Amino acid sequence: MAITAPRMWLDGVMVATAKADLPLMAHAAQRGSLVFDVGSFHATSRGPALFRTREHVARFLRSAKLVGLDVEHDEETLVRAARDVVAATEKSDGLIRWSAFFDVAEPDLLPKTTKARVAVAAQLLEDPPRVTPLRIATFDDARKAPPESLDPAVKAAAAYLGPMIARRRAIAAGAEEIVLLDRDGHVAEAPTANAFAVVDGAIWTPPLRYVLAGITRDAVLLLAREDGIPVREEPLPLEVFSNADEAFLTATSFPVAPIGSIDGRVLTPSPGPVTRRLIERFSAIQSGGEASHEAWVMLAR
Ligand code: PMP
């Protein structure tokens, strides 16, 4: 659970979060046309620092463009806004959420305006990140929307409804998280995380055709290559995933979450050695302790 910081950035002005509301008839509420991106910030010896913020802002702007939301702020302004909202909190760990949305009270499918409102907010974590391995479920009929229906690069509110219902189904079945399949029945991704298997010493994750280009996914692939671990970005059959030596999910909020079981099959040990190494490297990099990846880390102040 994360709570939103008391003040947020709204189109260039710091405002009280409690005042930043949306009309019920807004297009964003009625049609789900809000796009967002979620980054993170972490405690370092030099104060809170933001992780891969430029990549998050670039992905946010791309999402907005794909939906036809005109964002009037450039990349630099949105990076600055993120630093400002982090600097305004007293916490040194949390998430940053950029949102662009049609707030006009026009629930018609195509609103007359294309001008988006933009908000940037810090979200503060209430609980420490979980460390116990995840129980995953899959269902043959729980699939990721195909790219012909919605480009997986679009991080729009409406895109999460199907995955939300699927996660509920996984929980009802005694699991904690779902991994959705792609159109061909191979592994796609979790509702808000990319999926990985470790098989015979190689790291295996589905290609980008059906899944979001996760910024953590990208970092994991790079760190694995640096460690000399072979990387496969290829369709990942469900049998390979469920019989993997190790499996994990990646997302900004974890960033690497070990998987303990898939459809009741237990993976031991969890986290396995490859997953554990990645968790440790992320922790070192995000706390500013790895000089080789300093470019990923930006001080808030
Ligand atoms: N897939 C989906 C559908 C997501 O919403 C997210 C979270 N943004 C991810 C994967 C993981 O992406 P990232 O590592 O950039 O947080």
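Everything numeric in this text was worked out from a predicted model, so none of it was measured. Whatever order the structure lists ligands and atoms in, that order sets their numbers, starting from 1.
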Which N or O atoms of ligand 1 sit under 3.5 Å from a protein N or O, and how far apart is each pair?
from     : atom 1 : to     : atom 2 : distance (Å)
ligand 1 : 1 (N)  : Glu189 : OE1    : 2.7
ligand 1 : 5 (O)  : Lys155 : NZ     : 3.1
ligand 1 : 5 (O)  : Tyr160 : OH     : 2.5
ligand 1 : 8 (N)  : Lys155 : NZ     : 2.8
ligand 1 : 14 (O) : Ile215 : N      : 3.4
ligand 1 : 14 (O) : Thr216 : N      : 3.0
ligand 1 : 14 (O) : Thr216 : OG1    : 2.5
ligand 1 : 15 (O) : Arg59  : NH1    : 2.8
ligand 1 : 15 (O) : Arg59  : NH2    : 3.0
ligand 1 : 15 (O) : Ile215 : N      : 2.8
ligand 1 : 16 (O) : Thr252 : N      : 2.9
ligand 1 : 16 (O) : Thr252 : OG1    : 2.7

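- Salt-bridge check for Glu189 with Arg217: failed, with every basic side-chain N at 4.0 Å or more from each acidic carboxylate O.
- Minimum interatomic distance between Ala193 and Ala251 (heavy atoms only, all atoms of both residues): CB-CB, 3.9 Å.
- Two different hydrophobic clusters hold Ile262 and Ile178 under the rule that ILVMFWY side chains link at heavy-atom gaps under 4.5 Å.
- Ion pairing between Glu76 and Arg54 holds under the 4.0 Å rule for side-chain N and carboxylate O.
- A salt bridge does not link Arg59 with Asp218: every distance from a Lys NZ or Arg NE/NH1/NH2 to an Asp or Glu carboxylate oxygen is 4.0 Å or more.
- Here His73 and Trp98 keep their ring centres 6.0 angstrom or further from each other.
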